[in-house]
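Since the structure comes first, as structure tokens, the remarks are kept for the end.
Since the model is a prediction, treat every value here as computed from it, not as a measurement.
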Amino acid sequence: MASQNLPPVLTSPRTRALGLCALPVLALFAVAAFVPLPYTLESPGETADTLGTYDGARVITISGTQQRETSGQLRVVTVSATNPGVRSTLWDAVTAWGDPKQAVVPTDEVYPQGDPEKADEATQQQMTQSQDSATLAALGYLKLSPDQVKVEIDLGQIGGPSGGQMLALGIIDKIAGDGRGGDLTGGRNVAGTGTVDADGRVGQVGGIPLKTQAAREAGATVFLLPRSECAQGKVNTPDGLQLIPVDTLSDSVAALQALNGGGAVPHC
């Protein structure tokens, strides 16, 4: 009887047919929202102070030359990713796209081999190479011979090449500080990212918007990044975090010296 009171347009055969056709479409969207997709969700990861300890172990240990007592922090930052066995759904992806602390990335880009154990092995190998390059870059900057000065680095399970710049700065600060009798950090909490090769060139790494979030959550007020990734650095930059772009390890040291002395500092 209630249908007799409805407008004709809602009770016509055409309207009923459209309603019946819409039901499978809605059901399809409902199913698709929860079907696993080949995407991985990334979020801000852990940070580690290269001047201090991580997971109970000293990050940088130097022998063959005197070490300084340091203040402030020089933080390596990371990105956390869901396990490749965990497939994200359309609903997860839509939710993440609206969250500045999450990113949706093709799983093949994060885990090229599709195997978490092989991926861990690859990132640990990259970290070992990064540590070697950071040591050579830092000692080269200080004009010290790697035959006389030995550097050991322990970052636990943190892998990948992106900690190179901050490890090199940690070595420099522990040995020479800012070169003027003070700390390279100026007592600040400084974070950053970027590969570094043996000649001191800083390279891009990706994941910058998430790394700036991780840095700020760890209390950093300064963030060093490859100049080529300035545009990424300005995406959802947390309040209170100063971005400083660099091309080389020498640029990084000079920028921190300028920051400590009140001089002009590069910016994105």
Ignoring hydrogens and angles, tell me if any N or O in the side chain of [X] forms a donor-acceptor pair with the backbone of [Y] under 3.5 Å.
X: K150; Y: P146; value: yes
X: R216; Y: D239; value: yes
X: S130; Y: Q126; value: no
X: D183; Y: G186; value: no

- Query: Does the pair E229/K211 count as a salt bridge with the N-to-O cut at 4.0 Å?
  - Reply: no
- Message: Between D178 and R180 (salt bridge meaning N to carboxylate O under 4.0 Å), is one present in this structure?
- Response: no
Could you report the tightest heavy-atom contact between [X] and [Y], atom names first, then the distance?
X: G203; Y: P226; value: O-CG, 3.3 Å
X: P266; Y: A255; value: CD-CB, 4.1 Å
X: V196; Y: A134; value: CG1-CA, 3.8 Å
X: G233; Y: L243; value: O-CD1, 3.3 Å
X: D154; Y: A57; value: OD2-CB, 3.5 Å
X: N189; Y: A218; value: ND2-O, 3.1 Å

Decide whether [X] and [Y] are clustered together by the hydrophobic rule: side chain heavy atoms of Ile, Leu, Val, Met, Phe, Trp, Tyr closer than 4.5 Å, transitively.
X: I208; Y: L224; value: no
X: L142; Y: V149; value: yes
X: L256; Y: I60; value: yes
X: L51; Y: L259; value: yes
X: V265; Y: V246; value: yes

For the atom pair [atom1] ([X]) and [atom2] ([Y]), what is the distance rounded to the nearest 0.5 Å?
X: M166; Y: T193; atom1: CE; atom2: OG1; result: 9.0 Å
X: L74; Y: L184; atom1: CG; atom2: CG; result: 6.0 Å
X: S71; Y: R188; atom1: OG; atom2: CZ; result: 10.5 Å
X: Q242; Y: C268; atom1: CD; atom2: SG; result: 10.0 Å
X: D49; Y: Q73; atom1: CG; atom2: CD; result: 4.5 Å
X: T212; Y: K101; atom1: OG1; atom2: NZ; result: 10.0 Å

- Task: Would you sort out whether T65 and Q148 count as a side chain to side chain contact (heavy atoms under 4.5 Å, CB included), showing the intermediate values?
- Result: CA-CA 8 Å; T65 189; Q148 296 171 323; over 6 Å; no
- Between F223 and V77, is a side chain to side chain contact (heavy atoms under 4.5 Å, CB included) present by the stated rule, with each step listed? CA-CA 10 Å; F223 190 85; V77 292; 3.9 Å; yes
- side-chain hydrogen bond (donor to acceptor under 3.5 Å, both in side chains) test vs R227 passes for just one of D247, D251, T248, namely D247
- Is the number of heavy atoms from other residues, nucleotides or ligands within 6.0 Å of CD (E217) greater than 12? yes
- Query: In this structure, are over 12 heavy atoms from other groups packed under 6.0 Å from Q67 atom CD?
  - Reply: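 Check passes, neighbour count above 12.
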- Query: How far apart are the C-alpha atoms of I62 and I171, what are their side-chain angles, what is the distance that settles it, and do they pass the side chain to side chain contact (heavy atoms under 4.5 Å, CB included) test?
  - Reply: CA-CA 8 Å; I62 300 171; I171 296 169; 4.2 Å; yes
- Item | Test log, rule side chain to side chain contact (heavy atoms under 4.5 Å, CB included), inputs I244 and V222 | CA-CA 7 Å; I244 299 180; V222 175; 3.6 Å; yes
- Item | Of L167, T135, I175, the residue whose pairing with V151 passes side chain to side chain contact (heavy atoms under 4.5 Å, CB included) |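 The single option meeting the side chain to side chain contact (heavy atoms under 4.5 Å, CB included) with V151 is T135.
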